Number of protein chains: 2
Amino acid sequence: MDESQLSDRQRQVLEAIRRLKQETDMPPTLREIAEAVGLKSVASAKYQIDQLKQMGWLDQIDNVSRGISFSDQGTRHQQEQEAAAESNVHLGNFVRVPLVGRIAAGGPILAEQNIDEWMTLPESLVGKGEIFLLKVKGDSMIDAAICEDDMVAVRVQKTAENGDIVAALLDDSATVKTFKQRDGHTWLLPRNSNYEPILGDEAQIMGKVVAVLRSL
Amino acid sequence: MDESQLSDRQRQVLEAIRRLKQETDMPPTLREIAEAVGLKSVASAKYQIDQLKQMGWLDQIDNVSRGISFSDQGTRHQQEQEAAAESNVHLGNFVRVPLVGRIAAGGPILAEQNIDEWMTLPESLVGKGEIFLLKVKGDSMIDAAICEDDMVAVRVQKTAENGDIVAALLDDSATVKTFKQRDGHTWLLPRNSNYEPILGDEAQIMGKVVAVLRSL
DNA sequence: ATTTGTTTCGAACATCTGTTCGCTTATTTA
DNA sequence: TAAATAAGCGAACAGATGTTCGAAACAAAT
């Protein structure tokens, strides 16, 4: 994804989208883009958008007004732009994460009714991605230094690597265990010699534990 | 601008706008709002928006799709909401805490040259008071579920109670141990059978550990 | 010069979105 | 009880927005 393969017009369009989005706090319409870069037809703007979409710079939702957004790659580039433009202003990045209470199998984990409260944490602690907090029940992970009533920050992902500490859904209840695949089976390993490994073939991986928080 | 004059429905609408805006990175349409809060008519959503607009909570550009934004006052309130983390009881603020690096005996612990970086944490996690962060060296507290490279939040205080986990200054280096007074002596107890208790009569108590943070 | 591909334009169209209106329902007030 | 107010609904309408299509302008290559 090299910027050098962009035409002047394409750079102009990307920059206009960034600027308009910052000014109005919402993505621009095709007509707003057309006017911003001096195109006299909406179709021309759409043509440019379609090109950038195909090149992977933009995402767009069909038939949705202002449905333009930067793709992951495009976002990365935009952030570099912004960082270069205003280098000293370090706006601390924060993530607003829900503390999930009741867990119901089947339904979406992050449904509104499951959320007890919200907490805002620095991104330096939990990283990027979709994060939620889970309160730890029991002492099955004590040898991994995770105690009862600790809060774990979980980044949503469907799979995991061997050795990752994951939050998994098993029989309507969430559990935190070490993830291990072996002999074609998935195991959820407690880190406490008083507990036995759990066969996790039927378990649903909610995400990977990326941080541990404990209030004393 | 008191929140108490808001009806349940109005609170619901404000919250939905905030949530949808965060999820989609653009303000919602009236129909999206209607569906989000369970209103079956677009007109009902507009009715609510008009109310909130008149009350000064929202701004809206006429005839512009997704033209809804929080007014200055509304934004202020939203930020308070976020800062408060919507916790049911705790209207906690945020605390800006320094991560202390090098420790020098004698001098003030929180001197500027000792501070590596700053982190902003929710007060619900670390509580009130003068707080600093310390990176843990070694595994002497492993049985208290505090590992090497964990960060402990320390609330500054000169004394401690038996059983408290404290940060203490001993021979120019900071250490985290369990505090115990017995037979007129102060002991700093490691929580790892490989280590021996330390006589802490000469140690300077920096403060009490009130939280543990671990990034994985 | 001809061809080819890219880009722009204008217009028509389909869909989305905001607005208005009359009517109902429930709640509050007189 | 009756009137008034608040809240919601459905439908129709108008304006905004995305989409499609054909034609024209333009540049580069043959």
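Predicted, not measured: the structure shown is a model, and the values here were computed from it. Below, read A as the first sequence line, B as the second, and so on, with proteins coming before strands; counting in each chain starts at 1.
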Review point. Which residues pass the side-chain hydrogen bond (donor to acceptor under 3.5 Å, both in side chains) test with A/Lys208, sequence neighbours left out?
Key: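 Listed in chain order: nothing, the list is empty.
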
Point to revise | Listed partners of B/Asp150 passing side-chain hydrogen bond (donor to acceptor under 3.5 Å, both in side chains), at least two apart | key: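 Only B/Arg214 meet the side-chain hydrogen bond (donor to acceptor under 3.5 Å, both in side chains) criterion with B/Asp150.
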
Point to revise | All side chain to side chain contact (heavy atoms under 4.5 Å, CB included) counterparts of A/Ala36, not counting sequence neighbours | key: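 Here the qualifying residues are A/Ala16, A/Leu20.
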
Exercise for review: Tell me, please, which residues at least two apart from B/Ser69 pass side chain to side chain contact (heavy atoms under 4.5 Å, CB included).
Suggested key: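 B/Ser69 satisfies side chain to side chain contact (heavy atoms under 4.5 Å, CB included) with B/Asp59 only.
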
Check your understanding: Pairs in or reaching into residues 135-145 of chain A: which pass side chain to side chain donor-acceptor pair (under 3.5 Å), with residues at least two apart or in two chains?
Key ->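 Every side chain to side chain donor-acceptor pair (under 3.5 Å) pair that includes a residue of residues 135-145 of chain A, provided the two are not neighbours, is A/Asp139-A/Tyr195, A/Ser140-A/Lys177.
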
Give me, pair by pair, the N or O atoms of the protein and of nucleotides 23-26 of chain C that are less than 3.5 Å apart, along with how far apart they are.
none

Partner set under salt bridge (charged side-chain N to carboxylate O under 4.0 Å, His left out) for [X], not counting sequence neighbours:
X        : result
A/Lys180 : none
A/Lys40  : none
A/Glu23  : A/Arg19

Review point. Does a salt bridge link A/Lys21 with A/Asp25, judged by any charged N lying under 4.0 Å from a carboxylate O?
Key: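 Answer for the salt bridge query: no.
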
Review point. OP1 or OP2 of C/dT19 sitting under 4.0 Å from any side-chain N/O of B/Gln60?
Key: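 Result: yes.
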
Practice item. For DNA chain D, find the residues of residues 30-37 of chain A with a heavy-atom distance under 4.0 Å and give them by number; none if there aren't any. Key: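 Contacts with DNA chain D under 4.0 Å: A/Leu30, A/Arg31.
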
Exercise for review: Could you identify which residues of residues 41-51 of chain B place a heavy atom less than 4.0 Å from some atom of DNA chain D, listed by residue number, or say none?
Suggested key: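 Here the set is B/Ser41, B/Ala43, B/Ser44, B/Tyr47, B/Gln48.
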
Revision key, fill the gap. 5'-most to 3'-most nt of DNA chain D touching chain A (<4.0 Å, heavy-atom partner on protein side) reads D/dT17 to D/dC21

Review point. If you count the non-hydrogen atoms of other residues, nucleotides and ligands that lie under 6.0 Å from CD in B/Glu35, is the total more than 12?
Key: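 Atom CD in B/Glu35 is not packed in, count stays at 12 or less.
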
